[in-house]
Amino acid sequence: HLECALCGQQYEADRLWNLCPDCGRPLLCRYDLEAAGKAVDPASFGGREPTMWRYRELLPLRDDEHKLTLGEGWTPLVHATRLGAEVDFEGLYIKDESLNPTGSFKARGLGMAVSRAREMGVTAVSIPSAGNAAGAMAAYAALGGIEAHVYMPKDVPHPFLAECRALGAEVTLVEGLITDCGKQAAAEGKERGWFDISTLKEPYRLAGKKTMGYELAEQLGWTMPDVIIYPTGGGTGLVGMWKAFDEMEQLGWIGGERPRMVTVQSEGCAPMVRAFHDGSEFAEPWVDAATLADGLRVPAAVGDFLILRALRESEGTALVVADEEMMADARLMGRTQGMFTCPEGAAPLSAFRHLRARGWVGEDETVVLFNTGSGLKYTHLWG
């Protein structure tokens with residue numbers, strides 16, 4: 001069934017829903033974990049396909065006939081030894097999501113969301129996006145024969161725009177930020193009967209993103225790292241992993257240990273960091289959001305309370321970094337590990353430096369940084 005993350009109201013799974021009709025907050029997928037645990041265990045995955053669909057029993061698609069896949073998931077977990085030597089830290093790992101189809105972690109969520117929408121008869125989908133989510137939705141909609149309608153800020157970098165158009169999406173450029181795109185997409189989509197696949201405004205993008213948590217556990221031998229540092233815009237990836245850890249504990253695959261979850265945002269747009277340190281349950285929208293990391297230019301997140309809940313339950317933290325730090329650390333990751341990262345993907349390294357300087361990360365701990373996307377769509381930043 002589906003369950004509201006805030007009020008707990010339950011809903012039938014095989015109907016199209018966006019937010020909870022009672023309180024307007026995100027809906028989460030709930031599974032029969034007892035049945036899943038009888039069907040699969042950690043030893044089951046060895047010979048399975050190296051994609052997110054290896055966790056099929058814990059995903060919401062009913063019938064594989066509707067599965068849309070471009071090979072998303074099962075991205076490398078790299079022990080960053082050269083980078084670690086540079087920053088004097090042995091236990092540093094990078095989960096490299098840039099190797100997903102369409103070049104970012106967004107392929108996971110949109111692959112799942114569009115597959116499930118197709119299964120329920122959707123013929124047209126819409127999305128507001130700063131770039132990577134739009135490209136991913138366009139790709140899977142094209143694969144599924146579904147109309148794709150994309151709303152992006154007018155100042156979006158050209159590669160994102162070109163990608164969407166090449167994949168057959170109808171693109172509308174909007175004056176303002178992603179929140180403005182969201183308002184226009186919702187209004188026009190409702191009028192025309194399109195299904196809205198905005199971040200956390202439907203239940204299934206989160207289900208795709210949670211596979212990062214399953215993969216991380218499997219790649220670490222069904223153990224947990226001490227710290228996960230994640231660049232946070234809408235926050236679906238962080239919330240999805242936190243949900244995955246809870247499911248794995250219920251399945252008996254891991255114990256009660258959890259990584260300390262860390263949100264990193266740009267100093268020019270940091271609503272979650274402010275709310276975390278203010279002790280707030282929800283985050284006030286950020287005014288005049290500005291950062292060169294387009295994926296972090298998200299002034300308001302519908303899943304704000306879920307992000308904050310994960311940070312606090314894990315005894316984690318939240319911090320800001322400057323755009324200049326992200327770019328410097330993108331260069332460092334490039335010259336030490338051969339990774340061409342997006343600015344968002346370098347932000348966790350910048351955050352790690354701050355946390356090490358404060359003594360918040362211990363010498364013998366294991367830290368996983370998430371590189372959420374490729375730098376190939378940000379070539380305008382490199383001169």
Side-chain angles (χ1 to χ4, degrees), residues 70 72 96-111 114 125-143 146-185 188-189 194 197-199 205 231 233-234 236-237 265-266 268-269 288-299 322-331 333-334 339-347 371-383:
L70 293 166
E72 55 289 328
D96 189 6
E97 290 292 296
S98 71
L99 299 182
N100 274 299
T102 72
S104 87
F105 75 125
K106 300 288 187 180
R108 295 178 185 266
L110 274 305
V114 177
V125 289
S126 65
I127 195 168
S129 172
N132 274 317
M137 189 194 78
Y140 290 98
L143 190 61
I146 295 171
E147 284 182 27
H149 301 273
V150 166
Y151 292 76
M152 293 193 288
K154 277 189 176 177
D155 61 355
V156 69
H158 181 74
F160 292 115
L161 178 60
E163 178 183 30
C164 291
R165 287 177 172 164
L167 294 169
E170 178 187 276
V171 179
T172 300
L173 296 177
V174 177
E175 195 71 56
L177 303 174
I178 191 171
T179 42
D180 302 296
C181 296
K183 291 172 188 173
Q184 187 169 334
E188 295 184 6
W194 304 336
I197 307 191
S198 304
T199 299
R205 283 178 68 174
T236 321
Q265 296 191 300
S266 167
C269 183
D288 297 328
T291 173
L292 54 76
D294 293 272
L296 299 183
R297 196 174 60 166
V298 180
D323 285 358
E324 295 77 15
E325 290 180 280
M326 293 183 219
M327 292 304 294
D329 282 326
R331 292 185 185 93
M333 291 172 75
M339 291 181 183
F340 186 19
T341 72
C342 60
E344 298 91 333
N371 172 35
T372 49
S374 170
L376 289 171
K377 299 176 191 178
Y378 288 89
T379 53
H380 62 288
L381 298 177
W382 295 92

*Asks:* Kindly indicate whether the side chain of Tyr151, heavy atoms from C-beta on, has any atom under 4.5 Å from the side chain of Lys183.
*Replies:*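 No - every pair of side-chain heavy atoms lies 4.5 Å or more apart.
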*Asks:* So, using salt bridge (charged side-chain N to carboxylate O under 4.0 Å, His left out) as the criterion, who are the partners of Asp180 when residues are at least two apart?
*Replies:*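 Result, salt bridge (charged side-chain N to carboxylate O under 4.0 Å, His left out) vs Asp180: none returned.
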*Asks:* What's the spacing between Leu173 CG and Gln184 CD if we round to 0.5 Å?
*Replies:*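 One gets 10.0 Å once the value is rounded to the nearest 0.5 Å.
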*Asks:* Got a second to check how far Thr291's OG1 is from Leu296's CG, nearest 0.5 Å?
*Replies:*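 Nearest 0.5 Å value for the OG1-CG distance: 6.0 Å.
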*Asks:* Is the shortest distance from a Lys or Arg side-chain nitrogen in Arg108 or Glu72 to a carboxylate oxygen in the other one below 4.0 Å?
*Replies:*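 Answer for the salt bridge query: no.
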*Asks:* Within this structure, what is the CD1-CE distance for the pair Ile197 and Met137, rounded to the nearest 0.5 Å?
*Replies:*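 Nearest 0.5 Å value for the CD1-CE distance: 6.0 Å.
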*Asks:* For the residue pair Asn132 and Thr102, confirm or rule out a side-chain donor-acceptor distance under 3.5 Å.
*Replies:*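 Not at all, the side chains of Asn132 and Thr102 share no donor-acceptor pair under 3.5 Å.
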*Asks:* What pair of heavy atoms forms the shortest contact from Met152 to Ser129, and how long is it?
*Replies:*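 Result for this residue pair: CG-O, 3.2 Å.
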*Asks:* CE/Met333 to CG/Asn371 distance, rounded to the nearest 0.5 angstrom?
*Replies:*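 Rounded to the nearest 0.5 Å, the CE-CG separation comes out at 5.0 Å.
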*Asks:* Assign the ring pair Trp194 / His149 to parallel, tilted or perpendicular, where the plane angle (0 to 90°) is split at 30° and 60°.
*Replies:*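 Answer is parallel, since the angle falls under 30°.
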*Asks:* Against Leu177, only a single residue in Pro299, Cys269, Pro153 fulfils side chain to side chain contact (heavy atoms under 4.5 Å, CB included); can you say which?
*Replies:*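 Testing Leu177 for a side chain to side chain contact (heavy atoms under 4.5 Å, CB included) against Pro299, Cys269, Pro153 leaves exactly one candidate, Pro299.
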*Asks:* State, to 0.1 Å, how close Thr199 and Arg205 come at their nearest heavy-atom pair, and which atoms those are.
*Replies:*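 Scanning both residues, the minimum pair turns out to be N-NH1, 3.1 Å.
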*Asks:* Just how far is it from atom OH of Tyr378 to atom CD of Glu344, taken to the nearest 0.5 Å?
*Replies:*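 Separation between the atoms: 3.5 Å.
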*Asks:* How far apart are the closest heavy atoms of Val150 and Ala169, and which atoms are they?
*Replies:*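 Result for this residue pair: CG2-CB, 4.0 Å.
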*Asks:* Does anything in residues 156-171 form a salt bridge (charged side-chain N to carboxylate O under 4.0 Å, His left out)? List the pairs, not counting sequence neighbours.
*Replies:*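 Qualifying pairs: Glu163-Lys377.
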*Asks:* Once you round to the nearest 0.5 Å, how far does CG of Asp155 lie from CD of Glu175?
*Replies:*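 That separation rounds to 8.0 Å.
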*Asks:* How far apart are the closest heavy atoms of Ser266 and Asp323, and which atoms are they?
*Replies:*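 So the two residues come closest at OG-OD1, 3.1 Å.
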*Asks:* Ignoring hydrogens, what is the shortest heavy-atom contact between Pro343 and Leu381? Give both atom names and the distance.
*Replies:*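 Heavy atoms of Pro343 and Leu381 come nearest at CG-CD1, 3.6 Å.
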*Asks:* Side-chain contact test, heavy atoms from C-beta onward, threshold under 4.5 Å: evaluate it for Ser98 versus Thr341 and give yes or no.
*Replies:*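 With C-beta onward as the side chain, the pair stays apart.
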*Asks:* So Thr372 and Cys342, do their side chains get closer than 4.5 Å, heavy atoms only?
*Replies:*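 A side-chain contact exists here, since the closest heavy-atom pair is under 4.5 Å.
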*Asks:* What heavy-atom pair brings Ala139 and Leu70 nearest, and what distance separates the two atoms?
*Replies:*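 Smallest heavy-atom distance, with atoms named: CB-CD1, 4.0 Å.
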